[in-house]
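Just so you know, these numbers come straight off a predicted model, no measurement behind them. The chains referred to below are lettered A, B, ... by the order of the sequence lines, with proteins before strands, and numbering in each begins at 1.
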Amino acid sequence: MSKADTVIVLDFETTGLSPDIGDRAIEIGAVRIENGRVTDRFQELMNPGRPISGFIEDYTGITNRMLQSARPCGEVMRRFSDFIGDYNLVAHNASFDQRFLDSELAMISEERCGQFACSMLAARRLYQEAPNHRLSGLVEYINIPADGVFHRALYDSEMTAKLWMAMLDRIGDRYEVPDVSFSMMKKLTKTPKRSIGQLFEQR
DNA sequence: TGCCAGGCCCTCTTTAGGGCCTT
């Protein structure tokens, strides 16, 4: 990502794995990266209108009691839609967050303008030797300072943002590309692993 | 009570199956 590119790095906590079977968002966290640093943050719980499972309470630390006093999904998502504007978007395993973002926005008759790029697909190419490509695993593998709790939306979006910026630095160091654009990162995630070198050399 | 999805990617592949990732 060029230092001039502004992107929103986001993460949803949800009631389950798929909006197609009725799952809803329960928390959104996001940071705006501008000129290579975090310039704004968004974090809010949202009430999905029904109790969440014990598994999700344990997984996220978000309890039904916490959600009782949260604003409804639609109200939160309207503010979040304003926050993301028409910026491009980044998430870890972006297909997951993309489905929930589009589903929640559709319920309030809104839609996004920006494109998604996936930090996990980029990391699978840039850290092929890593033991795994979970967000927490990558943060540990590349020694990003981590003093919080994973599986909360703002913390995960902050860690994803740090991973994203670390990958920009890695490309700069390894391939001598000084200013990697968002579109180049997106292209990276669609490039076969064996062809990554060619992607940067052909510039 | 236990499970539910979907895209990517590898391989014992491509007329398929299964692990990885996200909650």
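B:dT23 and B:dA5 have their C1' atoms separated by 11 Å, with the value rounded to a whole Å. Taking the C1' atom of each, B:dT22 and B:dC4 are spaced 15 Å apart, rounded to whole Å. For the P atoms, the distance linking B:dG18 with B:dT14 amounts to 13 Å, nearest Å. Using atom C1' as the reference point in both B:dG17 and B:dC12, the two lie 10 Å apart (nearest Å). Here the separation of B:dT1 from B:dC20, taken at their P atoms, is 29 Å to the nearest Å. Across B:dT13 and B:dC8, the matching C1' atoms stand 15 Å from one another, rounded to whole Å.
The 12-atom threshold is exceeded at CZ of A:R79, counting heavy atoms of other residues, nucleotides or ligands nearer than 6.0 Å.
Comparing B:dT23, B:dC20, B:dG6 against the side chain of A:S95 picks out B:dG6 as the nearest. Minimum atom distance to the side chain of A:L121 is reached by B:dC9, of the listed B:dC9, B:dC21, B:dA5. Checking B:dC8, B:dA5, B:dT23 against the side-chain heavy atoms of A:D11 singles out B:dT23 as nearest. Set against B:dT22, B:dG7, B:dT23, the side chain of A:R124 has B:dG7 as its closest nucleotide.
At a threshold of 4.0 angstrom between heavy atoms, the contacts of A:N132 are confined to the sugar-phosphate backbone, with no base atom among them. Here A:F12 lies in heavy-atom contact (under 4.0 Å) with sugar-phosphate atoms only. Within 4.0 Å (heavy atoms only), A:I26 reaches no atom of the nucleic acid at all. At a threshold of 4.0 angstrom between heavy atoms, the contacts of A:D58 with the nucleic acid are absent. Counting non-hydrogen atoms under 4.0 angstrom, A:D23 reaches nothing in the nucleic acid. Across all strands shown, A:T15 has no heavy atoms under 4.0 Å from either base or sugar-phosphate atoms.
Distance CZ (A:F150) to C1' (B:dC21): 14 Å, rounded to an integer number of Å. Note: CE (A:M120) to P (B:dG19) measures 16 Å, nearest angstrom. We find that CD of A:Q98 is positioned 14 Å from C1' of B:dC8, with the value rounded to whole Å. Rounded to whole angstrom, the span from the CG atom of A:L67 across to the C1' atom of B:dT23 amounts to 13 Å. The distance between atom CZ of A:F96 and atom P of B:dA5, rounded to the nearest whole Å, is 14 Å. Atom CG in A:D102 sits roughly 15 Å away from atom C1' in B:dT22 (whole-Å rounding). For the pair A:Q128 CD and B:dC21 P, the interatomic distance rounds to 13 Å; values are reported in whole Å. What separates CZ of A:F100 from P of B:dA5 is a distance of 12 Å, to the nearest Å.
Looking only at side-chain heavy atoms (C-beta outward), A:I8 and A:F42 stay at 4.5 Å or farther from each other. For the pair A:P48/A:L67, a side-chain contact is recorded, criterion being any heavy-atom separation below 4.5 Å from C-beta on.
Between A:Y59 and A:F55, the two ring planes are parallel [angle under 30°; tilted spans 30° to 60°].
In terms of phosphate contacts, A:R125 brings a side-chain nitrogen or oxygen within less than 4.0 Å of OP1 or OP2 of B:dC9. The side chain of A:H92 contributes no N or O atom lying less than 4.0 Å from OP1 or OP2 of B:dC21. At least one side-chain nitrogen or oxygen of A:H133 sits closer than 4.0 Å to the OP1 or OP2 atom of B:dC21.
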For nucleotides 10-14 of chain B, tabulate all protein N/O to nucleotide N/O atom pairs closer than 3.5 Å, reporting atom names and distance.
unit_1	atom_1	unit_2	atom_2	d
B:dC10	OP1	A:K193	NZ	3.3

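Under a 4.0 Å N-O distance rule, the pair A:R71/A:E44 does not qualify as a salt bridge.
Donor-acceptor pairing under 3.5 Å is recorded for the side chains of A:S119 and A:H92. For A:E57 and A:N64, the side-chain atoms include at least one donor-acceptor pair closer than 3.5 Å.
Checking A:T189 against A:I21, the closest nucleotide of DNA chain B that is more toward the 5' end is the one next to A:I21. Nearest-nucleotide positions on DNA chain B for A:E13 and A:K190 put A:K190 closer to the 5' end.
No donor-acceptor distance shorter than 3.5 angstrom exists from the side chain of A:N88 to the backbone of A:G114, with no hydrogens or angles considered. Looking only at distances, no side-chain donor or acceptor of A:R24 sits under 3.5 Å from a matching main-chain atom of A:T14.
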